[in-house]
Amino acid sequence: MSKPLITPKQASFLNLLGPLQSSLRTKRSTSSSTHSPGAPVAPLQSQHAFSPILIVLILFFASRAFMYVVLGTAAGDFSAGKVTRALCQWDCGWYSGLIESGYNLWPVPANGEANWAFFPLYPLLAASVKKLLALSPVIAGQLVSNVAALAAGFVAAKILRNTSALIAFCTIFYFGPFSFYFASVYTESLFVFLTLSCFLFLSKRQYLAAGAVAALLSATRSVGVMMTLVIVAAAFQDHLAKGNSIRSFPLAALRNPPLVLAVFLAPLGLFVYMGYLHFYMGDALAFSHVQRAWDRQIGNPFRILLWALKTDDLGAFIRTGEVSVRWMALWTVLALALTGYLAWLHRFPEALFTLLCILIPLSTHIASMPRYVIGLAPLLIVSSQILASNRILMMIALPTLTLSNVYLLVLWQALKAVLA
Amino acid sequence: VNMQSLIRNRFKSNSALYVVAFIIAAFELSVVVLTRFPQVSEDYKAFYITRTVSCPPVGEGQAYKLGTKVSLASVVSSNRTAYLGCGWHWKEKDGTWTKGAVSRLFMSVTPPASDLLLKLDVSAYAGIRENQEVDVSVNGTHLTRWVLPSHQVQEVTALIPRELAQDGRLEIQFNPLHLVLPAERGPSDREPRIGMFVKSFTISKSAN
């Protein structure tokens with residue numbers, strides 16, 4: 001059996017991601033990676049050869065220029081309006097409607113679909129930007145998405161204190177497959193930004209701050225509420241790392257007021273939205289009940305995954321870009337494998353978060369799984385670390401991932417069902 | 001900047017953190033309780049919660065001027081979908097097929113002083129059967145059953161008692177009894193089953 005890229009000891013969650021990255025490349029301990037989990041966290045020491053801010057800025061703006069060229073070429077029209085519209089497909093229409101006129105009282109008569117399914121924080125931010133800057137809903141939404149994507153890059157630069165890993169992260173996040181979701185009117189970039197921020201605060205044991213950010217996360221997407229469990233898991237891991245027993249954890253947690261507040265704060269976004277829905281249209285669970293209109297109902301996620309893997313439609317997707325459930329299933333398998341890897345590295349809070357964020361939507365349908373997977377920040381981070389651990393792997397993978405996104409982006413602007 | 005310190009400085013003591021946590025928990029618990037008591041219509045409950053019907057609830061619907069002929073052909077109608085509820089197939093050149101066991105039209109009208117007459121230009125399809133049968137009801141009240149010879153374009157009518165439209169809301173429901181798969185597409189469980197092809201409809205004041 002080959003040697004692991006990262007040893008579990010090096011990869012302790014509380015030593016977190018940055019020092020882990022340097023240990024990946026140098027195979028020796030850094031000052032941070034030898035940090036005892038129980039002791040106060042030392043100030044972060046950057047090991048970037050270049051300014052991380054500059055790396056993020058350059059790659060972000062280069063990616064947007066690249067996306068503009070690809071979309072303009074595919075559409076045969078480089079006008080800003082055309083490119084903006086080409087980027088706005090599928091759920092972008094729902095979000096644009098939400099930004100423009102808020103939640104509807106009635107569903108679509110033909111099928112029962114309604115915008116209650118979409119959580120409020122992102123459209124609320126975009127609607128504010130729209131009003132402040134007098135923009136169209138689509139432009140306002142894209143502005144929020146891109147600012148969130150840029151901010152996520154900056155947070156990643158704080159986490160990944162190694163130039164290669166940061167470059168890998170920015171390449172995957174800004175150029176990689178499905179990266180256009182982070183530029184379109186979707187919640188994905190905000191979700192990644194908030195998730196990364198949460199984990200950054202958790203790495204410093206700032207539970208209250210993590211709880212506050214998690215509250216925003218739970219107002220962004222329904223699975224964001226799972227960060228509540230992650231906060232508990234991180235505190236539990238911290239508790240054990242200090243040499244305490246499992247049985248003493250409940251009492252110790254209750255004696256930690258910031259942790260107690262964080263745990264109740266984290267799901268607040270979801271509960272505020274539920275309260276709003278109850279008083280607006282009479283059903284606090286409307287966001288969940290409306291899933292019926294998209295044929296989503298709870299089932300066994302592994303049975304759904306197995307069914308999707310058994311289908312024989314990958315060829316049609318490769319040839320013509322038709323919808324392929326096996327393609328979606330393969331992305332899910334990749335995500336589960338990376339989640340397993342996180343667990344093997346003892347990065348349990350991250351593993352728990354990604355596992356729940358995969359299994360919950362998967363338990364209702366295989367549709368949209370690639371989008372859900374690409375928006376999982378811990379997977380973006382660990383993928384960057386894996387790629388950065390091997391220079392040859394990185395040199396092959398990054399251009400390949402970028403090219404794959406060109407194909408997907410062309411399909412996207414042509415409204416192919418593969419990306420629904 | 002230590003965000004946690006910033007937040008904690010807002011509170012004078014740990015007790016304050018517990019109090020805030022308690023208030024938030026009480027709010028969240030009250031929302032959980034609210035989920036047990038949805039205040040929604042029976043239509044909403046049946047479609048979204050118990051999942052016992054196939055048609056979603058609809059609002060008032062677009063205003064309809066009595067006597068207006070509405071074509072369901074894709075080539076001429078720009079706002080026809082405003083009257084279509086659930087149970088309609090994709091638009092076709094001359095009209096629209098019903099899809100599944102329930103198809104609905106809905107609209108708001110001025111409360112009529114007399115009975116109304118619903119008129120449809122239709123063509124039925126019942127596979128190997130000679131006739132298609134379609135139950136027609138308005139606002140939940142059964143009006144009639146049409147027996148329609150297959151493949152014949154014809155005009156069919158139903159009388160709508162004025163009492164049914166007194167609240168200005170019309171929800172017209174068609175239930176084709178013999179659903180069939182589109183013949184040209186071959187058998188498939190995933191194909192929607194059709195029954196009646198509607199070219200246009202008109203609702204006018206009854207002459208009687």
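So that the names make sense, note that chain A is the first sequence line, chain B the second, and so on, each numbered from 1.
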(message) Please rank A:A293, A:G112, A:G275 by heavy-atom pairs under 4.5 Å with chain B and give me the top one.
(response) A:G112
(request) Would you mind checking which part of A:V263 comes under 4.5 Å of any heavy atom in chain B, side chain (CB onward), backbone (N, CA, C, O), both or neither? (result) neither
(request) Let me know if A:D283 has heavy atoms under 4.5 Å from chain B in its side chain, its backbone, both or neither. (result) both
(request) Applying side chain to side chain contact (heavy atoms under 4.5 Å, CB included), run through A:M227 and A:F199 and close with a yes or a no. (result) CA-CA 9 Å; A:M227 192 55 86; A:F199 278 109; 3.7 Å; yes
(message) Check this for me, if you would: do B:D115 and B:R162 make a salt bridge, where the nitrogen-to-carboxylate-oxygen distance has to be below 4.0 angstrom?
(response) no
(request) Check each atom of A:L254 against the heavy atoms of chain B and say whether the ones under 4.5 Å are side chain, backbone, both or neither. (result) backbone
(message) I need the minimum non-hydrogen distance between B:Q132 and B:H178, along with the two atoms involved.
(response) NE2-O, 2.8 Å
(request) Examine whether an atom of A:Y273 lies under 4.5 Å from a heavy atom of chain B, and if so say whether it belongs to the side chain, the backbone or both; otherwise answer neither. (result) neither
(message) Is it true that, when you exclude B:F22 itself, more than 12 heavy atoms of the residues, nucleotides or ligands shown sit nearer than 6.0 Å to its CZ?
(response) no
(request) Could you look at A:N256 and say if it's the side chain, the backbone, both or neither that has a heavy atom under 4.5 Å from chain B? (result) backbone
(message) Here's a test for you: under ring pair (Phe, Tyr, Trp, His ring centres under 6.0 Å), which of A:F271, A:F119, A:W116, A:W294 qualifies with A:F287?
(response) A:F119
(request) Please determine, among A:S288, A:P107, A:A262, the option with the most heavy-atom pairs under 4.5 Å with chain B. (result) A:P107
(request) Using non-hydrogen atoms and a 4.5 Å limit, figure out which bit of B:F37 sits close to chain A: side chain, backbone, both or neither. (result) backbone
(request) Indicate the ring-plane relationship of A:H239 and A:F236, choosing parallel, tilted or perpendicular according to the 30° and 60° boundaries. (result) parallel
